[in-house]
Amino acid sequence: MSKRIKATFSQSSLRQAQQEIQRYKQEMLAKCRTVAERLCEVGIRVGTENLGSYGKYITFSTEIMPQKSGIKAILVATNTGLIKSEWRTQDGEKSADVSPLLMAEFGSGLRANNPNASKFGMGTGTFPGQTHADNPEGWWYMDLEGEWHHSYGVTPTMPMYKASKEMTENVEKVVREVFGA
């Protein structure tokens, strides 16, 4: 979107051109903010759709702020609390506080297959104290009531990865709609 501003070399004409430039700058910033808001809405929608069983533990918000070069937008996912995981071993009862957001995003055990996991030090075998994550037959654990359960881990639903991907894929479409290009 381009705009032509005509001026002569008179003081009043230059002042008027300066005012037009300021209006145009504000108009561009408003459109950039609208693009950021729309893309964040896409991210929140896709992220929320991909929370799996952790939906009640995770919230989304956005931070949109003006910058010297335009607008900065951040999509934020936050735990509303940690989940206490408890089990029994031959050494007694064990527990760990688990982040629902990290479990949703990266999963655990053999099913931890987020393509970006290694960038963040996550992935199969990275949970502290794990001993069977690489076992192709999975593992068994005993709950606090003494019942045995078999597991291969938790399959990640990747809310942030999928939100980011969808936002990226929609940039051109949203920009064209907002700027009318």
Check your understanding: Does atom CD of E137 have more than 12 heavy-atom neighbours from other groups under 6.0 Å away?
Key -> no

Point to revise | E20 atom CD: more than 12 heavy-atom contacts under 6.0 Å | key: yes

Is any side-chain heavy atom of [Y] closer than 4.5 Å to one of [X]?
X: L75; Y: M160; result: yes
X: T80; Y: I58; result: no
X: L144; Y: W87; result: no
X: L51; Y: T157; result: no

When Ile, Leu, Val, Met, Phe, Trp and Tyr are grouped by side-chain heavy atoms lying under 4.5 Å apart, directly or through other members, which residues fall in the same group as [X]?
X: W140; result: M142, W148
X: L82; result: none
X: L14; result: none

Review point. Which pairs pass ring pair (Phe, Tyr, Trp, His ring centres under 6.0 Å) with one or both residues in residues 152-172, sequence neighbours excluded?
Key: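 Every ring pair (Phe, Tyr, Trp, His ring centres under 6.0 Å) pair that includes a residue of residues 152-172, provided the two are not neighbours, is H150-Y152.
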
Review point. Quick one: salt bridge (charged side-chain N to carboxylate O under 4.0 Å, His left out) pairs with a partner in residues 145-168, sequence neighbours left out?
Key: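 Sorted pair list comes back empty.
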
**Study point:** salt bridge (charged side-chain N to carboxylate O under 4.0 Å, His left out) contacts touching residues 40-60 (sequence neighbours left out)
**Key:** R45-E49

Point to revise | Residues in side-chain hydrogen bond (donor to acceptor under 3.5 Å, both in side chains) contact with S99, at least two apart in sequence or another chain | key: N79

Check your understanding: For E172, what residues pass the side-chain hydrogen bond (donor to acceptor under 3.5 Å, both in side chains) criterion, not counting sequence neighbours?
Key -> R176

side-chain contact (heavy atoms from CB on, under 4.5 Å) partners for [X], two or more places apart:
X: K84; value: E86, S95, D97
X: Q19; value: R15, R23
X: V76; value: S61, E63, I74, T78
X: A73; value: A36, C40, I64

